[in-house]
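Take a look at the structure set out below.
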Amino acid sequence: MSEPLVLGIESSCDETGVGIVRGRDLLANQVASSVELHARFGGVVPEVASRAHLEAMVPTLERALADADIDPGELDAVAVTAGPGLMGALAVGVAAAKACALAWGKPLYGLNHLAGHVAVDLVDHGEVPTPCIALLVSGGHTNLLRVDDIASSITEIGTTIDDAAGEAYDKVARVLGLPYPGGPVIDKAATGDPIKINFPRGLTARKDLEKHRWDFSFSGLKTAVARWVETRERDGEEFELGDVAASFQEAVCDVLTAKAIDACVEHGIEHLLIGGGVAANSRLRSLLAERAAVAGVELRTPRPILCTDNGAMIAALGAEVVRRGLPPSAADLGATSSLPASRITL
Ligand code: KG4
Ligand code: ZN
């Protein structure tokens, strides 16, 4: 078969994404975000997200097909995020993908969102060297994965035991009176001294390492920032927002980068890939680059627009699945909100 032409649909959170790839060439990547609708609630409201997907799906599909300048009849497959994610949001994407596959007479592939975050690097940097470690950090997930084959062998080695990394950014932004989503705002506000306040590094104490060597925890950090600010405000003590933002950011990035690099070293793996909205963070990128260079680890960082949720990642994974001749999903494919990373195809 020539390079598979695949359309991918993503709707697991608040981005309606439709991407089209021919093999590893990105032909279209249309994303409609409902982030503004959630801003006043300080986080994604599932029902609002589902409705927004419903409204955005057809126009986004049409724009992607126009961008790629293809006829749906030329496609080899339709791929869709089947999980993990918000149930109602996923259901909209799966229903749309089923309708397309049926109408166009194409095979349908239900795919894992987390594997999509890894696969998207293919369109930026070509073949993903395996084995590799992937650090996925967003508002909805925080995962450390071992990837032996992008389409058939992914093992989760660590995850968050409470808040996701991006969720911590969003909640701390709220504490600091900054708007949602908090990640980019804190990234910009973090102009102060990153070692001014020694905020806790979750699950790095010796007693936690036995059970949670590769896991993360951000809820204690969020509470520590809230307490620190409350105490200063109660005592009428002035403080620099830039110092709090930088010290918080340092605590998050220190733990994420240390565990990701240690995972590479301890597993004898030379390649580290990052994905998810938080992967756009400037400090995470610079600290990771520094520590990767010291450890002799090769870092793969997709461009920021491909790090956040999009349809291209699902199309890119779909092309790999088709290339390997894996079987399509059954006609009764459903959405699975808590899909483990190891189930790449459904
Ligand atoms: O991948 P994404 O667009 O959607 C999901 O959550 O799945 O990620 C959004 C998250 C939000 O929590 C946002 O605050 C965070 O990524 N984020 C950042 C940055 N840009 C987005 N966090 C830290 N620094 C950034 N520059
Ligand atoms: Zn995601």
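Whatever order the structure lists ligands and atoms in, that order sets their numbers, starting from 1. Quick note: residue numbers are just sequence positions, from 1.
Because the distance cut-off is set at 2.8 Å, Cys13 fails to qualify as a neighbour of the Zn ion (ligand 2), as none of its N, O or S atoms comes that close.
Taking atom 10 (C) of ligand 1 as the reference point, the nearest protein heavy-atom neighbour is Gly139 N, 3.4 Å. Ranking the protein heavy atoms by distance from atom 22 (N) of ligand 1 puts Gly183 CA, 3.2 Å first. Of the protein's heavy atoms, Asn281 ND2, 2.9 Å lies nearest to atom 24 (N) of ligand 1. Nearest to atom 4 (O) of ligand 1 among the protein's heavy atoms is Asp309 OD2, 3.6 Å. Considering only non-hydrogen protein atoms, atom 15 (C) of ligand 1 sits nearest to Val278 CG2, 3.9 Å.
Under a 4.0 Å N-O distance rule, the pair Glu230/Arg234 does not qualify as a salt bridge. Here Glu320 pairs with Arg324 in a salt bridge; the nearest charged N to carboxylate O distance falls below 4.0 Å.
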Start with the C-alpha distance between Ser282 and Asp187, add both sets of side-chain angles, then the distance that settles side chain to side chain donor-acceptor pair (under 3.5 Å), and finish with yes or no.
CA-CA 7 Å; Ser282 61; Asp187 199 353; 2.6 Å; yes
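For the pair Arg283 and ligand 1, no heavy-atom separation below 4.0 Å is found.
Note that CD of Glu74 is 10.0 Å distant from CD1 of Ile20, once rounded to the nearest 0.5 Å. One distance of note links NZ of Lys171 with CG of Leu176; it measures 14.5 Å at 0.5 Å rounding.
Checked by distance only, ligand 1 and Gly166 come closer than 3.5 Å through their nitrogen or oxygen atoms. Taking distance alone, with nitrogen or oxygen atoms compared against 3.5 Å, Cys13 stays at or beyond that limit from ligand 1.
When side chains are defined from C-beta on, Thr16 does not count as touching Ser34, because their heavy atoms never get closer than 4.5 Å. Between Phe239 and Trp228, the closest side-chain pair of non-hydrogen atoms falls below 4.5 Å. Side-chain contact between Val48 and His53 is absent, with no heavy-atom pair separated by less than 4.5 Å.
Ring-centre distance between Tyr180 and Phe41: not below the 6.0 Å cut-off.
The distance from ligand 1 to the heavy atoms of Pro181 drops below 4.0 Å at these ligand atoms: 14 (O). Ligand-side atoms of ligand 1 in range of Gly140: 6 (O), range being under 4.0 angstrom from any heavy atom.
Distances from atom 2 (P) of ligand 1 to the heavy atoms of Ala280, Gly43, Gly277 show the closest one on Gly277.
Atoms NE2 of His117 and NE2 of His141, as seen from the Zn ion (ligand 2), are separated by an angle of 90°, to the nearest 10°.
Residue-level proximity to ligand 1 for Asp170 is carried by the side chain, the only part with a heavy atom below 4.0 angstrom. Contacts of Asp187 with ligand 1, taken as heavy-atom pairs under 4.0 Å, involve the side chain alone.
Counting just the N/O/S atoms of Asp309, the one with the shortest distance to the Zn ion (ligand 2) is named OD1.
Screening Cys13, Pro84, Ser138 for a side chain to side chain contact (heavy atoms under 4.5 Å, CB included) with His113, the sole residue that qualifies is Pro84.
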